[in-house]
Amino acid sequence: MSEAGSGRGSGSSVPQRTPWSLVAATAALCLVSATSVWTAGAAPMSREEKQKLGNQVLEMFDHAYGNYMEHAYPADELMPLTCRGRVRGQEPSRGDVDDALGKFSLTLIDSLDTLVVLNKTKEFEDAVRKVLRDVNLDNDVVVSVFETNIRVLGGLLGGHSLAIMLKEKGEYMQWYNDELLQMAKQLGYKLLPAFNTTSGLPYPRINLKFGIRKPEARTGTETDTCTACAGTLILEFAALSRFTGATIFEEYARKALDFLWEKRQRSSNLVGVTINIHTGDWVRKDSGVGAGIDSYYEYLLKAYVLLGDDSFLERFNTHYEAIMRYISQPPLLLDVHIHKPMLNARTWMDALLAFFPGLQVLKGDIRPAIETHEMLYQVIKKHNFLPEAFTTDFRVHWAQHPLRPEFAESTYFLYKATGDPYYLEVGKTLIENLNKYARVPCGFAAMKDVRTGSHEDRMDSFFLAEMFKYLYLLFADKEDIIFDIEDYIFTTEAHLLPLWLSTTNQSISKKNTTSEYTELDDSNFDWTCPNTQILFPNDPLYAQSIREPLKNVVDKSCPRGIIRVEESFRSGAKPPLRARDFMATNPEHLEILKKMGVSLIHLKDGRVQLVQHAIQAASSIDAEDGLRFMQEMIELSSQQQKEQQLPPRAVQIISHPFFGRVVLTAGPAQFGLDLSKHKETRGFVASSKPYNGCSELTNPEAVMGKIALIQRGQCMFAEKARNIQNAGAIGGIVIDDNEGSSSDTAPLFQMAGDGKDTDDIKIPMLFLFSKEGSIILDALRDYEEVEVLLSDKAKDRDPETENEEQPSSEHDPQNQSAEPMTSNSQEVDLADQESPEESSLNSHPELLSPADTDNAASVSPSEQNSNPTENHEPTSLDGECTDLDNQLQEQSETEEDSNPNVSWGKKVQPIDSILADWNEDIEAFEMMEKDEL
């Protein structure tokens, strides 16, 4: 929901300011007027076909909006698969996504100005009456300050802007008397308590009725917020101040922006994703242009356009230079570390960065906009939609697609800038895909998985606020719109604010506090209208020439690596080692690591640490491969970590003398019988021979009809499961081979399959660490028969059976303790060591990214035993060490505090309590990993 704004209109609506400010603000309009007369290689689209496509967009909007009004209103959103409204509290919680819902008819408010853009003025008038009659902003509900600002406050202000425009025209809205503005002002005052922090950064959430911190508010304890959350307020808040004359709103939004600017990393001029609202410390120190940061950059540039404050433009230009220096790797936009901007923070991109080409249009930097947009279009052509995240070699990373409009937005602005009919064809593809794959009888459904085409019962309000607006404008001629769109600027939610606000109620000083400009300098590109002769040479195929090399970028994988791989094959060399193929027990792999400058360090706790010293690589190309390998290992571990967020399972010893009092927390498996969906498995345990279970069992009679105990290592988990199943076992417990491992110190994980079809495995499989496994092994040694229950949660004990138990000595097992695991987060141990030798690589011209620091990653002992796909304990590398140390330390402390103890000789902690703690850990992890996708 981020993107470039419209160009500037003429006449009284143009703010009066210095010439160089004016021409910079009119960059987008300059591009439109100067370039719309030519085409770049694509056949012109006839006016008839454009009208046909525009009418198709109108019909699609009617289908979505009509079904919302019929089946969902006054609920916030439509659930298009079940044809009903989504009401907060009446549907299962979706976590942070639901923070946008405030029981204020969100979709209706978000759609107000879309109705006018689509020339549905009668429907607009009816919608405004419904908002005034039905919407209540005083609900006892906790909402996102960010989402409420851009969707509801922005929607009310956009509706007001066009309501007064229609009233001036004399046909519609003659009864209107600023009622929407009064609602916006009421909402603005409800959001102000969120700014009650020492830094001026707002709390991320607020209770519409009770505000912040009051017990009944149920919020106000948060410490972190995303940069975009705090930095995407100035347009709406300043517009509210300019419309009403109440300066407090603009003052608060400016203070938040000023604080973020002061906290930028001074050497790189980048900002992180998440910041502490009290201390100003960066919590997540990776930086990009996608989720968590995107609209912060957008609002700096647009604040200059709307408000005329030169300091906003210089701040944007400073950030933009850093983005193009560090983050932009055409056609890719990859996150980096703010302290180490030459080092990529991850190897995937999220869908929200699709807004950036449009913002580059407003900036006037067209070439990279064309390149990135084309790359994104190739991804869309492969998957029909843009996945929520995709890797640098264009594989799906997160498969969802909630019908985001950012790509359509950039398509519209690139067409406005170039006049190239190619972008009309792109828009036509978007329309066809929406109708073919997302359209359902009651609206349009989000894609749950772009690979399978499965749907999610979800139609977000931004789909109506933005998607149809940009698609309609893409195909509309000027006479098709009842007002001049160039007199308005688009907010990040595509709401329209009039440009004449810049000269209204100017109570805020607009003096450039960043630096002084006293005279016009036409040579300064940042302060002048872009020279279209430079942007668009006389060659009419200019834009096509930029796109052409990227036509097959998705099929050929990452373009930067194509030549490198082809040259390797021609020379007879093997392709570089990939992290997904790495086996710590493979001597050949270890030799390759050594060549890449990567060494293994065996830690005392059984883990293996990977450390890269680029200076020790055999060549600069090997150093490059080593850096990529480390980044892939980071991403692999991060991906595995996300897959591990499953509730734990329980192994309960129910035979004498335990009688169900010993409950061991076990890790689940991604294959076999799912204990959360089926009845528990009960049986006696028996050790398998061989103990590792990696070959046909030699004692099938011993495990027949029993639950087999097997040791971890030597082969894949799925192979162990098949061998004990073939021997007649009814279940399996894998015990960690790392002596001393315990749920006290190690995070829980789930056992992965072997990359093959595992539907043949029908028995349940659970995993125990060494300490917990020893409890069962000791019991089996002391008592000939030990019966256990494998389940998704512990069962209540039978009091009658328990009463039959004889008193035990203090040395009996029940007087010991077993501590179940409740943490699902990964342990990361990244070393950050620097030496003069490694720093000298800054002058190495052969390296794509100068490696001036070591790369280090911790690998669990499981990687010594098998392919990483077996193990979900291994490497957990979400980023480089210095940027995550604080985060991980806090995470580790949370894990230690949340590990409950279960005493054999005392009352067992209820499994519900254990699961509650587990869910808290998951929520905490998700908060840290939140990308606002």
Side-chain angles (χ1 to χ4, degrees), residues 2-5 20-21 23-25 27-28 31 227-228 231 234 257-258 260-273 282 285-290 292-305 309-345 349 353 355-373 410 413 417 512-517 520-531 534-535 546 842 848-850 852:
S2 302
E3 233 343 313
W20 55 89
S21 299
V23 293
L31 291 172
T227 299
I234 186 64
L257 270 182
D258 291 344
L260 290 173
W261 170 251
E262 289 300 319
K263 289 299 178 179
R264 74 190 186 283
Q265 211 291 320
R266 297 304 177 97
S267 62
S268 66
N269 281 321
L270 295 172
V271 293
V273 173
W282 291 110
K285 302 174 185 177
D286 45 319
S287 183
V289 297
I293 302 180
D294 49 0
S295 48
Y296 162 70
Y297 295 133
E298 175 189 6
Y299 269 38
L300 284 177
L301 182 56
K302 291 184 178 180
Y304 165 68
V305 174
D309 188 335
D310 295 345
S311 66
F312 289 132
L313 178 59
E314 184 164 356
R315 291 179 189 183
F316 172 80
N317 284 336
T318 301
H319 284 313
Y320 187 78
E321 181 183 0
I323 291 170
M324 299 310 291
R325 176 181 299 176
Y326 302 121
I327 296 172
S328 176
Q329 302 176 35
L332 310 180
L333 292 164
L334 293 177
D335 284 18
V336 299
H337 297 285
I338 59 176
H339 296 290
K340 304 177 189 175
M342 300 303 295
L343 185 63
N344 290 336
M349 296 165 280
L353 62 76
F355 91 100
F356 198 66
L359 188 61
Q360 290 177 307
V361 170
L362 184 58
K363 163 68 177 173
D365 198 2
I366 303 299
R367 172 180 279 275
I370 293 174
E371 291 174 335
T372 298
H373 179 274
S410 287
F413 286 110
N512 184 354
T513 58
T514 309
S515 62
E516 297 294 338
Y517 286 82
L520 178 63
D521 180 6
D522 288 332
S523 65
N524 187 341
F525 179 86
D526 290 338
W527 292 85
T528 59
C529 187
N531 186 332
I534 297 176
L535 292 175
I546 297 175
N842 285 327
L848 288 180
S849 299
D852 58 350

- Atom pair CD1/CD1 of Ile327 and Ile293 - distance to nearest 0.5 Å: 7.0 Å

- Kindly say whether Val271 contributes a backbone atom to a donor-acceptor pair with the side chain of Ser287 at under 3.5 angstrom? yes

- Item | Which atom of Ala417 lies closest to which atom of Ile366, heavy atoms considered | CB-CD1, 4.2 Å

- Can you tell me how far the CD atom of Gln265 sits from the CH2 atom of Trp282, to the nearest 0.5 Å? 10.5 Å

- Task: Taking the side chain as every heavy atom from C-beta outward, state whether Leu353 and Asp294 have any pair of such atoms under 4.5 Å apart.
- Result: no

- Would you name the heavy atoms of Asn317 and Lys363 that are closest together and state the gap between them? OD1-NZ, 2.7 Å

- Separation between CG (Leu257) and CG (Leu300), nearest 0.5 Å, reads 5.5 Å

- Message: Between Thr227 and Val273, is there a side-chain heavy-atom distance shorter than 4.5 Å?
- Response: no

- Item | Under the side-chain hydrogen bond (donor to acceptor under 3.5 Å, both in side chains) test, residues paired with Tyr297 that sit two or more places apart | none

- Message: Are the side chains of Leu332 and Met349 in contact, using a 4.5 Å heavy-atom criterion?
- Response: yes

- Task: List the atom of Thr372, the atom of Pro331, and the distance in Å for their closest heavy-atom pair.
- Result: OG1-O, 3.3 Å

- Distance col, row Arg264:CZ vs Ile338:CD1, nearest 0.5 angstrom, shows 12.0 Å

- With a 4.5 Å limit on heavy-atom distance, are the side chains of Leu362 and Glu298 in contact? no

- Task: List for me each residue that meets side-chain hydrogen bond (donor to acceptor under 3.5 Å, both in side chains) alongside Tyr326, sequence neighbours excluded, and say none if there are none.
- Result: none

- Item | Nearest heavy atoms of Ile234 and Ala303, plus distance in Å | CG2-CB, 3.9 Å

- Query: Which heavy-atom pair separates Ser295 from Ala228 by the least distance, and what is that distance?
  - Reply: OG-CB, 3.6 Å

- Taking the six-membered ring for Trp, are Trp261 and His319 ring centroids under 6.0 Å apart? yes

- Does Asp286 pair with Lys340 as a salt bridge, N-O distance under 4.0 Å? no

- Task: Taking the side chain as every heavy atom from C-beta outward, state whether Pro341 and Leu270 have any atom pair closer than 4.5 Å.
- Result: yes

- Verdict with reasoning, Glu314 to Tyr304, per side-chain hydrogen bond (donor to acceptor under 3.5 Å, both in side chains): CA-CA 9 Å; Glu314 184 164 356; Tyr304 165 68; over 6 Å; no

- Query: Are Ile323 and Phe356 side-chain neighbours, meaning at least one heavy-atom pair lies under 4.5 Å?
  - Reply: yes

- Residues in side-chain contact (heavy atoms from CB on, under 4.5 Å) contact with Ser328, at least two apart in sequence or another chain: Met324, Pro330, Leu333

- Message: Could you work out, with side-chain hydrogen bond (donor to acceptor under 3.5 Å, both in side chains) as the rule, every residue matching Glu371, not counting sequence neighbours?
- Response: none

- Task: State, with a plain yes or no, whether a side-chain heavy atom of Gln360 is found less than 4.5 Å away from one of Pro368.
- Result: yes

- Query: Which residue pairs satisfy the salt bridge (Lys or Arg N to Asp or Glu O under 4.0 Å) criterion with at least one member in residues 325-335, sequence neighbours excluded?
  - Reply: Glu321-Arg325, Asp335-Arg346

- Item | Partners meeting ring-ring contact (aromatic ring centres under 6.0 Å, His included) with Tyr299 (sequence neighbours left out) | none

- Message: Taking the side chain as everything from C-beta on, heavy atoms only, tell me whether Tyr320 gets closer than 4.5 Å to Asp365.
- Response: yes

- With respect to Arg315, which candidate in Asp309, Asp258, Asp310, Asn269 satisfies the side chain to side chain donor-acceptor pair (under 3.5 Å) definition? Asp258

